[in-house]
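In what follows, a single structure is set out as structure tokens and then discussed.
Chain A is the first sequence line, chain B the second, and so forth, proteins listed ahead of strands; every chain is numbered from 1.
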Amino acid sequence: MNDFSSRLTQWQREHGRHHLPWQVDDAYRVWLSEIMLQQTQVTTVLDYYARFLERFPTLTDLAAAPLDDVLALWSGLGYYTRARNLHACAQAVVRDFGGHFPSDPALIATLPGIGRSTAAAIAAFAYGTRAAILDGNVKRVLSRWAGIEGFTGVKAIENQLWELAESLLPEPSSDQNIAAAAIKAHTQGLMDLGATICTPKNPTCLTCPLSADCQARLSGRQAELPTKKPKKTVPEKSTVMVLLRNANGEILLERRPPTGIWGGLWSLPEVASTLTAATAIDQRFGLTIEIEPALPEFVHVFTHYRLTITPQPAYLIGNSTLRENHTAWFSKTAALTAGIPSPLRKIINAL
DNA sequence: AATACGGGGCC
DNA sequence: GGCCCAGTATT
């Protein structure tokens with residue numbers, strides 16, 4: 001008897017979340033939500049998810065759309081490789097699977113942007129396939145319940161958690177409907193438990209269905225498990241963003257390379273310093289500009305470094321012809337509806 | 001195994 | 001200010 005899953009699924013049915021917009025029987029919507037929810041909280045995703053579905057009602061719509069439209073709707077969500085992979089994945093599903101997501105998690109995991117955990121979540125929620133997930137919530141719940149020590153990002157620890165997650169899946173049933181319902185409740189239950197009961201700080205063990213045999217609780221080590229990620233000092237970087245406007249008040253934007261920070265997004269040209277800005281813009285774009293007083297610098301925080309941004313306004317002298325196709329003039333409105341990084345949105349909104 | 005990759009919510 | 005989040009791909 002798998003007592004763990006019995007308690008978990010029962011709890012989910014009584015106390016779990018049942019009305020999130022992606023809790024539907026539709027692989028496209030499940031997949032979209034899973035990608036958006038990678039390293040991103042539910043409250044943040046809700047609005048993006050609604051706007052995205054309005055613009056791309058079906059996977060076919062998404063596959064047929066220009067990448068720029070996808071990036072525009074992803075603007076502000078971060079981890080923009082997700083958006084590029086999302087677009088590529090939609091096209092792959094159309095090309096290789098007739099527009100229909102496969103139900104085998106191993107097959108799903110071959111698609112761009114989908115790893116082992118996301119593949120399992122899609123298979124479980126969309127098709128009731130018996131497959132284990134291992135996301136941040138599950139790592140926390142299982143490392144506490146089993147009393148597993150060691151940073152969960154380390155391979156050996158992660159392998160141990162994967163094995164445990166597999167072993168705790170509800171037993172297969174001869175009734176396919178019952179088996180599918182159990183998998184869905186089990187998978188959603190792990191996520192809901194991690195999000196509402198087994199929280200990073202101050203977990204509410206009194207109402208947890210797993211507390212009776214939770215090793216962390218039995219030893220009072222809820223605060224110590226899972227083992228914290230070893231922290232290191234984040235580098236400080238700085239940049240100057242040239243806010244160049246032509247006679248029409250349009251702003252010069254430059255498309256960033258497909259990989260690296262803000263990959264594929266439109267952003268302001270960056271130069272080494274405010275002093276060399278005019279020379280750099282002349283050399284790179286063949287545009288003659290006049291520098292204005294710099295705007296106040298501000299700090300943008302990433303996971304892995306802090307970036308001090310100095311917005312450097314300038315206006316164009318003479319010819320506004322652009323010789324490179326990765327650059328373009330954007331009206332303020334056009335810029336705000338394009339795929340731009342969050343700090344640029346902040347700069348433009350302040351104009 | 002370690003690193004790159006965003007941005008916001010929350011204490 | 002630090003921590004965390006329904007991780008994946010690359011090196």
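- Protein atom CZ of R345(A) is 14 Å distant from nucleotide atom C1' of dG6(B), rounded to whole Å.
- More than 12 heavy atoms of other residues, nucleotides or ligands shown are found within 6.0 angstrom of CD on E166(A).
- By the side chain to side chain contact (heavy atoms under 4.5 Å, CB included) test, Q41(A) pairs with T43(A), T44(A), sequence neighbours left out.
- When only modelled atom types and interatomic distance are considered, R140(A) and N137(A) share a side-chain donor-acceptor pair under 3.5 Å.
- One atom, CG of L77(A), and another, P of dG9(B), lie 11 Å apart when rounded to the nearest Å.
- Looking at heavy-atom distances under 4.0 Å, K228(A) makes contact with sugar-phosphate atoms alone, never a base.
- Shown for residues 185-211 of chain A: residues whose heavy atoms fall under 4.0 angstrom of DNA chain C, namely Q188(A), M191(A), P200(A).
- Scanning all heavy atoms of the two residues, the minimum distance from P235(A) to H304(A) falls at CD-O, 3.1 Å.
- Within the nucleic acid shown, W74(A) has no heavy atom closer than 4.0 Å to any nucleic acid atom.
- Between the OH atom of Y79(A) and the P atom of dG7(B) there is a distance of 10 Å, given to the nearest Å.
- Salt-bridge formation is detected for the pair R221(A)/E149(A): a Lys NZ or Arg NE/NH1/NH2 atom is positioned less than 4.0 Å from an Asp or Glu carboxylate oxygen.
- Rounding to whole angstrom units, NE2 of residue H300(A) and C1' of dG8(B) are separated by 10 Å.
- Using a 4.0 Å cut-off on heavy atoms, the residues of residues 114-125 of chain A that approach DNA chain C are I114(A), G115(A), R116(A), S117(A), T118(A), listed by number.
- Computed from coordinates, the L344(A) CG to dG6(B) P distance equals 15 Å when rounded to whole Å.
- Both G76(A) and K232(A) sit near DNA chain B, but only K232(A) has its closest nucleotide nearer the 5' end.
- Evaluation of the salt bridge (charged side-chain N to carboxylate O under 4.0 Å, His left out) test over residues 36-55 of chain A, restricted to residues two or more places apart or in two chains, returns R55(A)-D69(A).
- Within the structure, the side chain to side chain donor-acceptor pair (under 3.5 Å) test picks out the following pairs touching residues 203-220 of chain A (sequence neighbours left out): R7(A)-D213(A), W145(A)-D213(A).
- Taking atom C1' in both dC5(C) and dC5(B), the straight-line distance is 14 Å, to the nearest Å.
- Residue whose closest nucleotide on DNA chain C sits further toward the 5' end, between R17(A) and L111(A): R17(A).
- Within 4.0 Å (heavy atoms only), G260(A) reaches sugar-phosphate atoms of the nucleic acid but no base atom.
- Residues passing the ring-ring contact (aromatic ring centres under 6.0 Å, His included) test with W162(A), sequence neighbours excluded: none.
- A donor and an acceptor atom never sit less than 3.5 Å apart when one is taken from the side chain of T43(A) and the other from the base of dG9(B).
- When heavy atoms are screened at a 4.0 angstrom cut-off, V42(A) is found touching base atoms of the nucleic acid.
- Nearest nucleotide to the H304(A) side chain, out of dG8(B), dG7(B), dA4(B): dA4(B).
- No engagement by K139(A) is indicated, since no non-hydrogen atom pair under 4.0 Å with the nucleic acid exists.
- Across all strands shown, S342(A) has heavy atoms under 4.0 Å from sugar-phosphate atoms exclusively, and none from any base.
- A donor atom on one side chain and an acceptor atom on the other are not found under 3.5 Å apart for T279(A) and T276(A).
- The same atom, P, is picked in dG6(B) and in dT10(C); the two are 14 Å apart, to the nearest Å.
- When the nearest nucleotides of DNA chain B are assigned to G153(A) and P341(A) by heavy-atom distance, the more 5′-ward of the two goes with G153(A).
- As rounded to whole Å, 10 Å separates atom C1' of dG6(B) from atom CG of L265(A).
- Under the side chain to side chain contact (heavy atoms under 4.5 Å, CB included) criterion, Y315(A) pairs with E290(A), E292(A), I317(A), not counting sequence neighbours.
- Taking atom CD of Q38(A) as the reference point, atom C1' of dG7(B) lies 15 Å away to the nearest angstrom.
- N159(A) CG: more than 12 foreign heavy atoms inside a 6.0 Å radius.
- Within the structure, ring pair (Phe, Tyr, Trp, His ring centres under 6.0 Å) contacts touching residues 213-263 of chain A (residues at least two apart or in different chains) are W262(A)-F302(A).
- Protein chain A contacts DNA chain C over a range whose 5' and 3' limits, counting nucleotides with an atom under 4.0 angstrom from a non-hydrogen atom, are dG1(C) to dA9(C).
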Seminar exercise, completed: Its dot-bracket string being built from Watson-Crick and G-U pairs below 3.5 Å, with | for another strand and [ ] for crossing, DNA chain B has the pattern |||||.|||||
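- If you find the closest nucleotide of DNA chain C to R306(A) and to A109(A), the one lying nearer the 5' end belongs to R306(A).
- L37(A) places none of its side-chain heavy atoms less than 4.5 Å from the side chain of D135(A).
- In the hydrophobic clustering (ILVMFWY side chains linked at under 4.5 Å, chained through shared members), I289(A) is joined by V240(A), V242(A), L244(A), L252(A), V271(A), I281(A), F285(A), L287(A), I291(A), L316(A), L322(A), W329(A).
- The CG-P distance, from L307(A) to dA4(B), rounds to 15 Å in whole Å.
- Rounded to a whole angstrom, the distance from the P atom of dC11(B) to that of dA6(C) is 15 Å.
- Spacing of P atoms, dA9(C) relative to dG8(B), comes out at 24 Å, to the nearest Å.
- An OP1 or OP2 oxygen of dG7(B) is reached within less than 4.0 angstrom by a side-chain nitrogen or oxygen of Y80(A).
- Annotation: the span from L59(A) atom CG to C89(A) atom SG amounts to 7.5 Å, rounded to 0.5 Å.
- Note on residues 305-327 of chain A: pairs passing salt bridge (charged side-chain N to carboxylate O under 4.0 Å, His left out), not counting sequence neighbours, are E236(A)-R306(A).
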